[in-house]
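These values consider heavy atoms only, across backbone and side chains, with no hydrogens, waters or symmetry-generated copies. Just so we're clear, the structure is a prediction, and the values are computed from it rather than from any experiment. Order of the sequence lines fixes the chain letters, A, B, ..., with proteins taken first and strands second; residue numbering starts at 1 for each chain.
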Number of protein chains: 2
Amino acid sequence: MASDDQHPPDTIPTATLQERVYRELREAIMLGQFHPGDAMTIRGLAEKLGTSMMPAREALRRLVAERALTLLPNRRVAVPRMTPETFRELTEARVALEVLAARRAFPATDPALADRLAAINTQQDEAIAAGDWSGYQERNRAFHFALYACAPAQVLMPLIESLWLQIGPFLYLTRESLGTTYLDDRHEEAIAAIKDRDEDGLALAIEQDIRDGMGGLPALLANRVPPPTGGPE
Amino acid sequence: MASDDQHPPDTIPTATLQERVYRELREAIMLGQFHPGDAMTIRGLAEKLGTSMMPAREALRRLVAERALTLLPNRRVAVPRMTPETFRELTEARVALEVLAARRAFPATDPALADRLAAINTQQDEAIAAGDWSGYQERNRAFHFALYACAPAQVLMPLIESLWLQIGPFLYLTRESLGTTYLDDRHEEAIAAIKDRDEDGLALAIEQDIRDGMGGLPALLANRVPPPTGGPE
DNA sequence: GCTCGCACACTGTGATCACATTCAAAGATT
DNA sequence: AATCTTTGAATGTGATCACAGTGTGCGAGC
């Protein structure tokens, strides 16, 4: 049992192949490595990951169910396109759910969490300074989810993650903003509110953080993708 | 083309088999025809619907992705059990999202919609009077979704539907309440608010309607399912 | 009579194949 | 030369099969 259950470090024992494909795709989507309109095929994905059609097929369908990908009328899956209107809807949904998650988390927050959040925030600033856009996004995600995870949220978290997945393909719009414009967030305010035991202050900080971060995107979107029938790849 | 594309009325042309299985299961779940803990197998579902494993498999995985079903550690799918705590979380999420949906819908509401909602409400009362529990649930669903559908909501609606799906298996708890206790809702207040062009009143009516409807369930849940290891079927 | 062990049925996972549809490029016709 | 047709590759869907893990029930042994 000792030697047989030990998998080589490269052979990730992630229970099922479908799960591995799913997580890989999901991470890539959330980090903005795909662009709106990019189409994907079952066989192509399977070949790229060295599996058969089945795991790729199930991973794609799962991401479609989570609204991370869309099913075209052709029955082919693609990264969704988005209108400014949909973007505003995503923003409102994020505010509603994440403010609620923050409020639920609030009673469980403590100075230790504030320190951890501050550490993440520092790393995020370092990423900005280093021009590490991916690191910046990753830290931003870590900040929010570390806060929300304080209270067990079996219902809320999947909903919020679905929203983040839907936004992922459009984060690349902010890539060039990293450096040109000053990317400010409300993370310090949130940390301060936790230390001051100010629930409303925390809720406000989260809300403004989301609105600030998402606010500029519809404009960028409108400027960037006027060709509605652009071939992705 | 004329005769070949015409399907017999019973052979529903629903594009894919998987879709048909999915919709059938989904409807059954939302109407509370399954109970918490009920387990389902791919082969069993396939045989029951007369298809092969594949459509049943994909339909189940899709419902799992939408949180309507859960994946047990055995990798088997079952109707989720729920704790009172999770129920409260569902209630809060519903309030947050559906109030938002109602506010988004508000500018598009008009007297015609108010009349349609009133008609649905009348049918709902008739269902209550007739002891038609399924009809009551169906009308309640129709009322809420008719309101939310006023504004296009590609993001919000799937999230809300996911929440309703998660609640579905527990609606049976209210079955015996239909008749014993007086089931009141805030639908009249919502209709009045639409007529009065009172957005805040509409939001409040929806919030109270949700809280009233869901409020009693945790208690019923606690009374009903003390045996945590009950064999479902 | 009770407990431990073994065998068998059952389930999900993954692979492979067959088929209908779709998309596109090449060829033929006007 | 432009347009319609045809042919071919490619894709999603569904079916079937092989395999490993799990759970259950039966039977042997203490």
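Of the listed nucleotides (dT13(D), dT13(C), dA15(C)), dT13(D) has the atom at the smallest distance from the side chain of Met53(A). Candidate nucleotides dT16(C), dG14(C), dT11(D) were compared by shortest atom distance to the side chain of Leu17(A), and dG14(C) ranks first.
Evaluation of the side-chain contact (heavy atoms from CB on, under 4.5 Å) rule for Ala108(A) yields Cys150(A) as partners, not counting sequence neighbours.
The stretch residues 57-73 of chain A does not touch DNA chain C, since none of its heavy atoms comes less than 4.0 Å from the strand.
Donor-acceptor pairing under 3.5 Å, judged by distance alone, is present between the side chain of Arg43(A) and the base of dG12(D).
Considering only side-chain N and O atoms, Thr16(B) lies under 4.0 angstrom from the phosphate OP1 or OP2 of dG14(D). Between Asn74(B) and dT11(C), a side-chain N or O to OP1/OP2 separation shorter than 4.0 Å is absent.
Looking only at atom types and distance, the side chain of Glu138(A) has no donor-acceptor partner in the side chain of Trp133(A) under 3.5 Å away. For the residue pair Arg67(B) / Gln166(B), no side-chain donor-acceptor distance below 3.5 Å is found, with atom types taken as modelled. For the residue pair Glu66(A) / Tyr22(A), a side-chain donor-acceptor distance below 3.5 Å is found, with atom types taken as modelled.
Residues Ile42(B) and Met54(B) each lie close to DNA chain C; by heavy-atom proximity, the contact nearer the 5' end of the strand is made by Ile42(B).
With Ile42(B) as reference, Met53(B) is the one residue of Met54(B), Arg61(B), Met53(B), Glu58(B) to meet the side-chain contact (heavy atoms from CB on, under 4.5 Å) rule.
Sequence neighbours left out, the pairs with a member in residues 48-107 of chain A that pass ring pair (Phe, Tyr, Trp, His ring centres under 6.0 Å) are Phe87(A)-Phe170(A).
Atom-to-atom, CZ of Arg75(A) to P of dC23(C) comes out at 12 Å; the value is rounded to the nearest Å. Rounded to an integer number of Å, the gap from Glu47(B) CD to dT16(D) P is 13 Å. The interatomic distance linking Arg20(B) (CZ) with dG14(D) (C1') rounds to 13 Å, in whole Å.
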